[in-house]
Amino acid sequence: MPPDTPSHTFKGQPFRPVQWVLKALVLTAVLVTGMLNPAQPMAQRQAEPPVRLAYTEFAPYSFTGPDGTAQGLAIDLARRLLEPEGRSLQAIAAPNPASVIDLLNRGEADMSALLGQTAARAQLAGHTSPVGALSAVIFAKKADAARTPSSFSGQRIGVVSGSVGMSLVDAVPFAEVVEQPNLDRLIMAMMTEQVDAVIAPSDGFHARLRLMGIDPLVEEVLPPLARFPFVFYVSPSQPGLLSALEDEITQGLSPAELRALDEIWFGVPTRPIEREIILWGSLAFVFLALATLAALRGSFVHARRAKRLSKETEESRLLIDALNAVDAAIVIFDQDLRAVHWNTGFFRAFPTMVDRMENGVGYRALIAECYMDGSIAAMPSKEEAEDMADSMLRKLTTGQTTRRMIRSVAGRVFEAADFRIGAHHYASVRVDMSRLYDQAELIREQKTKLETVNEQLERFSTLAAHDLKGPLLQQSALLGFIEEDMSEAMQAYPGDVAQNLHIMRTLCGRMTQLVGDLLEQAKTDQDSELPRRFQPRDRLPAILQLAGIPASFDVEVASDMPEVTLMPAAFDTVLRNLISNAAKHHNAKEGSIRVNGHCEGNWVVIEVADDGPGIPDAHRARIFEPFQRLSTTKEGFGLGLAFIQKTVTSWGGDISVSCPPSGGSVFRFTIPKVPAALLALKQPQLQAGKPH
């Protein structure tokens with residue numbers, strides 16, 4: 001049911017003789033006028049081809065009747081407008097308004113049923129003057145507090161695909177759009193809480209709610225989002241048809257005819273008793289003179305009402321068939337909470353409960369017994385089961401929705417939801433979540449195993465690094481003792497012994513550095529130092545001293561560095577490694593290194609630039625991987641940049657490298673102004689000052 005076409009209640013109205021007499025007079029005048037003033041000779045009318053009218057399922061404006069023919073106010077009105085031309089209608093069903101406009105634009109249809117007037121549609125097809133208007137509003141389940149459209153910010157908003165309602169979703173900030181094919185599906189989505197609210201035409205949506213008997217549960221959120229005139233659209237290839245329709249709307253169609261058609265399909269509002277009395281008195285003579293005509297008209301209305309009831313019965317049957325096809329267990333209870341319908345999914349999942357329902361067991365007893373008969377895995381005591389059933393019953397009868405997880409003894413897991421539907425019915429829906437539950441259990445088990453393995457690996461790497469460090473230090477000391485003993489004995493090393501000792505000391509130093517890098521790598525995720533705010537420039541002297549930069553290198557630090565909020569020791573290590581790398585991998589004995597920083601939105605950006613040889617494009621993507629070295633002629637094991645990236649990522653930032661055309665390299669890393677981990681701690685020092 002497209003939400004851009006107006007609607008009214010079309011359930012049966014109380015029989016009012018005055019109204020039927022007036023309608024009969026108007027219709028009689030219309031028929032007599034048509035017979036006395038034919039627009040064309042009959043033979044010429046029959047020669048005209050039928051007009052192809054595209055319509056959507058939107059009762060009572062346009063819909064497919066039980067006999068397969070197109071019916072509704074829009075259909076009758078189109079026939080009335082084409083009557084002077086002597087042309088008949090050929091109805092073409094379309095899934096939604098966008099499809100109707102597409103058929104017109106392609107020339108596969110000549111005109112549409114009534115649709116909301118929009119600028120986008122006007123670019124694709126011509127249209128008549130408006131013959132009414134509709135208001136598009138937000139509908140939601142009733143709440144205690146008054147709401148406005150902005151109250152649904154960030155929530156799920158349902159609309160009908162291809163309708164003008166889709167263009168109004170922007171009125172709800174950050175809304176999550178959920179499309180449905182028609183209004184009935186939209187109502188079901190709202191009642192089952194698949195969406196939080198819907199955008200639909202006011203009159204049409206109210207009509208469907210009243211027809212389903214659930215209008216007391218739904219409210220209209222004011223003010224309306226928009227108001228659209230509704231018109232007939234005509235294919236660009238039919239300018240003559242558009243002109244004929246426009247002439248008949250503006251000159252031949254009377255307001256009385258529109259009211260008569262409207263009352264036939266929608267009924268009339270209830271009037272105050274005072275107006276009824278005045279009307280009865282003033283039209284008493286008309287009642288007597290036209291009693292026979294009124295009776296005939298009443299018979300016609302009753303016949304139409306019977307046809308409508310037949311259609312509603314068919315719709316109910318289709319709904320039951322749909323419930324049976326759904327992969328869920330569904331039970332419908334009446335106002336006395338006795339089961340009146342359950343689908344085949346419920347019968348397959350809970351056959352023992354079906355036996356009880358057939359014997360008249362009510363909702364409360366059904367809930368209590370199912371927890372005690374062994375069909376549910378968790379078996380509480382009788383008192384606990386009855387308390388649980390009483391609590392669920394209270395919530396259900398007060399309009400609350402209850403949700404719970406149920407695990408059967410067979411191992412199946414269901415998500416159950418019980419809620420009110422309509423004024424006198426309740427529903428219990430149980431969706432089989434066994435597969436998802438098993439997958440979640442598997443993920444939890446794998447997560448636990450991974451956490452255990454990671455913990456063991458971290459413990460192993462730390463212990464291994466510590467255990468390796470001791471022998472290396474002893475080996476280095478022994479080499480020193482040998483050199484001292486040889487020096488004191490004033491003896492020269494025989495053969496290549498001196499060179500071999502030098503190689504051993506070098507290898508010892510490299511192994512010590514590797515162990516240190518491994519310890520730093522393992523320590524990154526275990527550092528318990530709390531972050532604090534500091535000025536990076538204040539820490540640069542100590543950083544440069546430990547970096548071991550040759551005196552021939554000029555290190556320039558910007559004076560306007562922004563403050564950062566981090567663990568100071570980790571920041572020192574990152575910056576020391578970047579500065580040390582810039583000097584270590586320089587292609588000259590002297591050079592320049594620049595350190596600067598600035599803010600970009602919610603980030604602090606730190607850059608370390610040098611005038612060295614740069615990094616080839618082919619190597620830039622791999623330099624942050626462990627054991628990838630910038631140079632084969634320099635000391636190190638390629639863990640420095642991997643450690644830097646791991647540390648920066650743990651802050652929530654990122655690091656990258658670029659090489660400007662002028663030469664050199666620029667390492668750029670970002671830091672959140674206030675890291676998420678620090679916000680979670682809510683450190684008092686953060687409350688005192690506003691971050692940059």
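What you are looking at is a predicted structure, and each value in this text was computed from that prediction instead of being measured.
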J.: Tell me the side-chain hydrogen bond (donor to acceptor under 3.5 Å, both in side chains) pairs involving residues 170-181, sequence neighbours left out?
T.: S161-E179
J.: Between S428 and D418 (side chain of the first, backbone of the second, donor and acceptor by atom type, cut-off under 3.5 Å), is there such a pair?
T.: no
J.: Should H127 and R121 count as side-chain neighbours, where that means a heavy-atom distance under 4.5 Å?
T.: no
J.: Can you check side chain to side chain contact (heavy atoms under 4.5 Å, CB included) on I187 and I214, steps first, answer last?
T.: CA-CA 10 Å; I187 291 173; I214 59 175; 3.6 Å; yes
J.: Say whether, by atom type as modelled, one donor and one acceptor occur between the side chain of T401 and the main chain of F419 under 3.5 angstrom.
T.: no
J.: Can you tell if the side chain of S391 reaches within under 4.5 Å of the side chain of M388, non-hydrogen atoms only?
T.: no
J.: How far does CZ of R80 sit from CG of L258, to the nearest 0.5 angstrom?
T.: 9.0 Å
J.: Would you say R364's side chain and D390's backbone share a donor-acceptor pair under 3.5 angstrom?
T.: no
J.: Mark yes or no for whether S151, through its side chain, and T148, through its backbone, hold a donor-acceptor pair below 3.5 Å.
T.: yes
J.: Is any side-chain heavy atom of D76 closer than 4.5 Å to one of I264?
T.: no
J.: Atom CG of L104 and atom CZ of F232: how far apart are they, to the nearest 0.5 Å?
T.: 12.0 Å
J.: Looking only at heavy atoms, which two atoms of A54 and A109 are closest? And how far apart?
T.: CB-CB, 4.0 Å
J.: Any side-chain donor-acceptor pair under 3.5 Å between Y55 and T64?
T.: yes
J.: If we only count heavy atoms from C-beta on, is the I138 to L168 side-chain gap below 4.5 Å?
T.: no
J.: Taking all heavy atoms of F174 and all of S153, pick out the closest pair and write down the distance.
T.: CD1-OG, 3.8 Å
J.: Taking atom CZ of R420 and atom OG1 of T398, what is their separation to the nearest 0.5 Å?
T.: 8.0 Å
J.: To the nearest 0.5 Å, what is the distance between OG (S167) and CD1 (I199)?
T.: 8.5 Å
J.: Could you list the residues that satisfy salt bridge (charged side-chain N to carboxylate O under 4.0 Å, His left out) with R338, not counting sequence neighbours?
T.: none
J.: According to salt bridge (charged side-chain N to carboxylate O under 4.0 Å, His left out), who are the partners of R185, at least two apart in sequence or on a separate chain?
T.: none
J.: Within a strict 4.5 Å, meaning less than it, do heavy atoms of the Q90 and D110 side chains meet?
T.: no
J.: Begin with the C-alpha distance, continue with both residues' side-chain angles, and end with the deciding distance and a verdict on side chain to side chain contact (heavy atoms under 4.5 Å, CB included) for T128 and L81.
T.: CA-CA 11 Å; T128 66; L81 296 177; over 6 Å; no
J.: Looking at K141, R147, R156, which hits salt bridge (charged side-chain N to carboxylate O under 4.0 Å, His left out) with D196?
T.: R156
J.: Quick one: does S202's side chain have a donor or acceptor within less than 3.5 Å of a partner on S135's backbone?
T.: no
J.: Quick one: are M190 and V218 in side-chain contact, heavy atoms under 4.5 Å?
T.: yes
J.: Please name the pair of heavy atoms, one in T192 and one in M188, separated by the smallest distance, quoted to 0.1 Å.
T.: OG1-O, 2.7 Å
J.: Distance alone, cut at 3.5 Å: any donor-acceptor contact between the side chains of S99 and N96?
T.: yes
J.: To the nearest 0.5 Å, tell me how far Y233 OH sits from L114 CG.
T.: 11.0 Å
J.: Can Q155 and V172 be said to form a side chain to side chain contact (heavy atoms under 4.5 Å, CB included), step by step?
T.: CA-CA 9 Å; Q155 298 188 23; V172 182; over 6 Å; no
J.: If I compare all heavy atoms of L89 with all of I75, which pair ends up nearest, and what's the gap?
T.: CD1-O, 3.8 Å
J.: Taking the side chain as C-beta and beyond, is there a heavy-atom pair between I101 and S112 under 4.5 Å?
T.: no
J.: Verify side chain to side chain contact (heavy atoms under 4.5 Å, CB included) between E57 and N182, making sure each step is shown before the conclusion.
T.: CA-CA 8 Å; E57 292 296 327; N182 52 55; over 6 Å; no
J.: Where does the angle between the aromatic ring planes of F139 and F205 fall among parallel (under 30°), tilted (30 to 60°) and perpendicular (over 60°)?
T.: tilted
J.: Would a 4.5 Å heavy-atom cut-off, applied to side chains only, mark V159 and V169 as touching?
T.: yes
J.: Atom CD in E386, atom CD in E383: separation rounded to 0.5 Å?
T.: 6.5 Å
J.: Do the side chain of N343 and the main chain of I330 share a donor and acceptor less than 3.5 angstrom apart?
T.: yes
J.: Identify the heavy atoms of V160 and P181 that sit nearest to each other, and give their distance.
T.: CG1-O, 3.6 Å
J.: Please report the closest heavy-atom contact between P130 and V231, naming both atoms and the distance.
T.: CA-CG1, 3.6 Å
